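Here's the structure we're looking at; comments come further down.
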Amino acid sequence: MPLTNEPAGLAAERDRRGRRAHDREILRLAVPAFGALVAEPLFLLTDSVIVGHLPDPALGALGVASAALTALVGLCVFLAYATTASVARQVGAGDIRQAMRQGIDGLWLAAVIGVVVSAACWPLAPFIVHLFGATGELAAQAVTYLRVSLLGIPAMLLVLAGTGVLRGMQDTRTPLVVSVASFTLNGLLNLWFVFGLGWGIAGAAWGTVVAQTLAAAIYLVMVVRAARRHGAALRPDLAGVKTAGAAGFALVIRTACLQAVLLVATSIATRMGEDQIGAHTIALRIWTFLAFALDAIAIAGQAITGRTLGAGDVAATRAATERMVRWGVACGVVFCGAVLLVRPLLPGLFDADAGVTAHLLAVLWPVALFQPVAGVVFVLDGVLIGAGDQRYLAWAGLWATLAYLPFAALAGVAGSMVALWLALGAWMVARMITLGARAYGTAWLVTGA
């Protein structure tokens, strides 16, 4: 009997040690990534809290303009995700110089895209706001916020690319420090510009632009120093920039699907009325905050998956994925309980009036209940991005969006905010099914640099 029990006991101990090792690595990357990721929604939450104390319809205008900005910047999130995956693969393969070379290409691509987007969208700001159904003073304030914020688009995209380089190098602590400093500065500047200088909603936009510009400068200095240290050239490599753009094209489609879902939801809420768009704006801020928190595990997934597949270790990739999914579900359950616990206090935090409060309290139920599903979705999304499985992610995004649209249309006809957020929940379930089916298979486990 001892002879048969000992191997089983040793195997169990090895499994426990393996799980602990994966947990340590996930936490090492995810905990700092959490702080860095929540900085962006905290920018928006800070704007919402400050602007919420301005006369109506400032909060609704912020919601419309922020939705447009989130869509524009979100389409370019591949600058962080694809850069993380490509740099991490080179790190796993042991070629640090090439890893930095790809990071530099990502920064050049970010700069070009940022300037083009900012210049192209400036004259289109009134048209973009009109697409959300905003009119009158609501539209005027939304255009003001949007146009000021567009000046910071190049800096925002450089921050995305710089963050991706550091994450690919398995460093999530530095982005945390930069994000905390930027968030602190953003809050202080917003208070000064909005109330101290009396700039109103424009002041909130200027505070974020200044904070993001300084953050971009910090990332540029750090990446340039690292590139020089490892002998990587700083000049733009047109072939490398084109390759980076091509690699990110499928992620643009995937992200466009995500943004389309959120844009449709915001447009429907805007057409329901000012109370509804106000409540939707706050609920979306809370959802985004929690989503970015869950995405911290996904960031760990991108870095770990890219590195382990670059090193040719499929078993480690599988084991890490399983552990991260468990972490995602557990965090989702915790977030669900937290939202339900603080639900009665949230309207007061945003100084919401009675009409907005009624709708907000109703939609916070689906916001909370779909958090465990979101935990699975974000983790698997990060793992597949880290694996470079962009083409499948694009198709999965299209199918999930098609599944969402009929539910959103029914919510618009019914004029129900709860139905609208249940439609968003159905979209998350569709994403979980498509991503889970892919992760269960083997087609995404491509090894090598």
Side-chain angles (χ1 to χ4, degrees), residues 27-47 69-70 73-74 76-88 91 99-100 102-111 113-114 149 151-192 204-230 232 234 288-289 291-300 302-303 382:
L27 288 173
R28 179 182 66 82
L29 294 170
V31 171
F34 170 80
L37 284 166
V38 300
E40 185 62 31
L42 280 175
F43 283 156
L44 298 178
L45 277 171
T46 301
D47 287 352
L69 285 168
T70 300
V73 177
C76 301
V77 75
F78 75 90
L79 292 166
Y81 290 171
T83 303
T84 297
S86 61
V87 171
V91 169
M100 295 308 305
Q102 293 191 356
I104 293 294
D105 291 338
L107 287 172
W108 278 107
L109 182 62
I113 293 175
S149 298
L151 299 176
I153 289 291
M156 292 181 186
L157 301 193
L158 285 171
V159 167
L160 286 177
T163 301
V165 175
L166 295 184
R167 288 174 183 166
M169 297 293 290
Q170 314 296 296
D171 176 10
T172 58
R173 292 185 180 181
T174 301
L176 169 61
V177 174
V178 176
S179 296
V180 170
S182 298
F183 166 67
T184 303
L185 179 62
N186 177 70
L188 294 174
L189 289 176
N190 282 0
L191 287 171
W192 181 31
W206 276 114
T208 302
V209 168
V210 173
Q212 288 279 16
T213 301
L214 291 177
I218 293 172
Y219 277 117
L220 284 174
V221 170
M222 296 188 66
V223 174
V224 166
R225 286 180 176 177
R228 287 175 174 171
R229 186 166 58 249
H230 293 287
L234 300 179
T288 303
F289 176 81
F292 274 77
L294 291 170
D295 205 28
I297 308 172
I299 294 302
Q302 292 175 25

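Please read these numbers as outputs of a predicted model, since none were measured by experiment.
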Met100 side chain near Met169 side chain, heavy-atom distance below 4.5 Å: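 Yes, at least one pair of side-chain atoms sits under 4.5 Å.
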Please report the shortest heavy-atom distance between [X] and [Y], naming the atom on each side.
X	Y	value
Thr83	Ala161	CG2-O, 4.1 Å
Val159	Thr163	O-OG1, 2.7 Å
Ala215	Ser182	CB-OG, 3.2 Å
Ser149	Leu69	CB-CD1, 3.2 Å
Gln102	Val87	OE1-N, 4.1 Å
Leu234	Ala227	CD2-CB, 3.7 Å

CA sep, side-chain torsions, deciding dist, call: Leu107, Val223, side-chain contact (heavy atoms from CB on, under 4.5 Å): CA-CA 9 Å; Leu107 287 172; Val223 174; 3.5 Å; yes
Stepwise side-chain contact (heavy atoms from CB on, under 4.5 Å) check, Ile218 with Val221: CA-CA 5 Å; Ile218 293 172; Val221 170; 6.0 Å; no
Distance in Å, Gln302 CD paired with Asp295 CG, rounded so as to fall on 0.5 Å steps: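 Gln302 CD to Asp295 CG: 7.0 Å, rounded to 0.5 Å.
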Taking [Y]'s backbone N and O only, do any of them form a donor-acceptor pair with [X]'s side chain (distance below 3.5 Å, no angle check)?
X	Y	result
Asp105	Trp108	no
Trp206	Asn190	no
Asn186	Thr208	yes

Partner of Tyr219 under side-chain contact (heavy atoms from CB on, under 4.5 Å), chosen from Leu160, Leu166, Leu158, Val165: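 Running side-chain contact (heavy atoms from CB on, under 4.5 Å) over Leu160, Leu166, Leu158, Val165 with Tyr219 returns exactly one hit, Leu166.
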